[in-house]
Number of protein chains: 2
Amino acid sequence: MVAARLDPIDRMILSELQADGRMTNVELARRVGISAPPCLRRVRTLEEAGLIRGYHAEINARELGFEVQVFVMVGLDSQAETALSAFENRCRAWPLVRECHMLNGEVDFILKCAAPDLSSFQSFLTGELLTAPNVASVKTSLVIRVAKDEPGVPFDVLEERLNKSA
Amino acid sequence: MVAARLDPIDRMILSELQADGRMTNVELARRVGISAPPCLRRVRTLEEAGLIRGYHAEINARELGFEVQVFVMVGLDSQAETALSAFENRCRAWPLVRECHMLNGEVDFILKCAAPDLSSFQSFLTGELLTAPNVASVKTSLVIRVAKDEPGVPFDVLEERLNKSA
DNA sequence: CCGCGTGCGCAATATTATTGCGAAAACACG
DNA sequence: CGTGTTTTCGCAATAATATTGCGCACGCGG
């Protein structure tokens with residue numbers, strides 16, 4: 001399977017599973033309007049095609065003891081591919097770094113970090129990040145509060161687009 | 001239930017479900033070393049306590065037609081609470097905005113946006129965001145590539161902490 | 001040592017997942 | 001338009017899982 005075009009039922013399945021990834025297949029089938037066996041087959045196909053990458057419980061980080069969330073803008077002193085991917089590999093190895101995106105513009109990377117408290121983030125910052133090779137500039141921004149945190153993609157936007165082009 | 005302290009089994013459950021939210025309860029029970037019924041009861045308790053906020057399928061946005069991911073730094077011309085929460089409400093209503101975090105420092109908010117293509121993001125930017133009340137400065141950064149994108153929190157960090165304090 | 005609360009596991013039942021298969025729908029082509 | 005082909009469906013049967021009830025073991029405070 002390369003990139004079989006998705007029909008409306010597939011999109012509904014993705015949308016439902018993005019909203020509730022633990023829904024039973026019976027319930028999912030009911031919602032998308034087909035019977036359970038073909039529904040399950042579609043889900044398996046979507047998984048194998050890589051459209052569904054996995055399923056995750058959304059954990060309440062605060063309650064669990066991760067009080068601090070920080071965005072970090074990082075600039076390197078070299079934009080050579082070796083330097084870039086070396087930095088990316090370091091990010092993958094740092095547990096506090098949850099996301100690492102390479103950006104265009106003046107800043108090279110943005111990191112989203114989670115830490116139990118400010119001091120543990122500080123020690124990561126000074127002990128690991130600031131001393132990493134090629135790191136030229138670092139600017140951190142503490143998250144004060146989270147107004148919106150939706151997973152994945154907006155399916156309603158997708159619907160609109162498809163309707164227009166139809 | 002206020003904030004019952006979690007025992008090691010609860011933490012293992014959270015960790016496993018964060019990694020694979022669709023694992024069967026039987027498999028989960030096997031991994032954490034108890035039988036299925038008490039395992040399910042623990043999961044239900046964690047859900048009701050709000051430690052598990054939900055479950056989500058991780059969708060491959062690119063394959064689905066969301067080619068563009070953008071971080072947007074927004075500054076307002078007023079930091080009055082009314083202005084701040086008005087802006088947050090607008091973000092909640094914009095489907096392209098997936099995350100909205102209030103930050104400390106010079107920038108007031110960081111948004112993570114997903115869009116089908118550059119032009120639809122541009123039209124959102126010029127038609128919605130830039131014309132929204134109180135928006136004083138906007139700086140966008142396109143995501144070139146994603147090096148790491150882990151959901152939730154690093155449980156291994158939690159373990160270390162607990163071992164130290166013990 | 002005893003009573004009490006908490007959490008476990010077993011066993012039974014209800015639901016759900018999964019597979020095989022024939023039939024309907026979609027499609028390509030003559 | 002028919003017809004062979006492919007795809008996808010739904011039903012029915014089976015396997016596996018979720019869920020509930022209940023008695024037992026453990027830890028704790030009299």
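The chains referred to below are lettered A, B, ... by the order of the sequence lines, with proteins before strands, and numbering in each begins at 1.
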Produce a footprint string for nucleotides 9-20 of chain C: one letter per nucleotide, 5' end first; B if the base is under 4.0 Å from any protein heavy atom, S if only the sugar-phosphate is, - if neither. BBB----SSSBB
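Each end of the helix from dC1(C)-dG30(D) to dG30(C)-dC1(D) gets its own axis from five base pairs, and the two axes differ in direction by 40°, given to 10 degrees.
Atom CD of E106(B) has 12 or fewer heavy atoms from other residues, nucleotides or ligands within 6.0 Å.
Under a hydrophobic-cluster definition in which Ile, Leu, Val, Met, Phe, Trp and Tyr are linked whenever side-chain heavy atoms come within less than 4.5 Å, directly or via other members, F155(B) and L17(B) are assigned to the same cluster.
Between T131(A) and T126(A), the shortest heavy-atom contact is CG2-O, 3.4 Å. The nearest pair of heavy atoms linking I34(A) to P38(A) is CD1-C, 4.1 Å. A80(B) and S78(B) make their closest contact through N-OG, 3.1 Å (heavy atoms, listed as atom of the first residue, atom of the second, distance). V97(B) approaches K148(A) most closely through the heavy-atom pair O-NZ, 2.8 Å.
Aromatic ring orientation, W94(A) versus F87(A): perpendicular (interplanar angle above 60°, classes split at 30° and 60°).
Between the CD1 atom of I9(B) and the C1' atom of dG7(C) there is a distance of 10 Å, given to the nearest Å.
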Between R62(B) and V146(B), is the side-chain contact (heavy atoms from CB on, under 4.5 Å) condition met? List the steps. CA-CA 12 Å; R62(B) 293 265 148 114; V146(B) 180; 5.7 Å; no
Table of protein N/O atoms under 3.5 Å from nucleotides 23-26 of chain C N/O atoms:
none

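Checking each of Q18(B), E58(B), E150(B) against H56(A) for a side chain to side chain donor-acceptor pair (under 3.5 Å) leaves exactly one that passes, namely E58(B).
In this structure, E48(A) does not pair ionically with R44(A), as no charged nitrogen and carboxylate oxygen lie closer than 4.0 Å.
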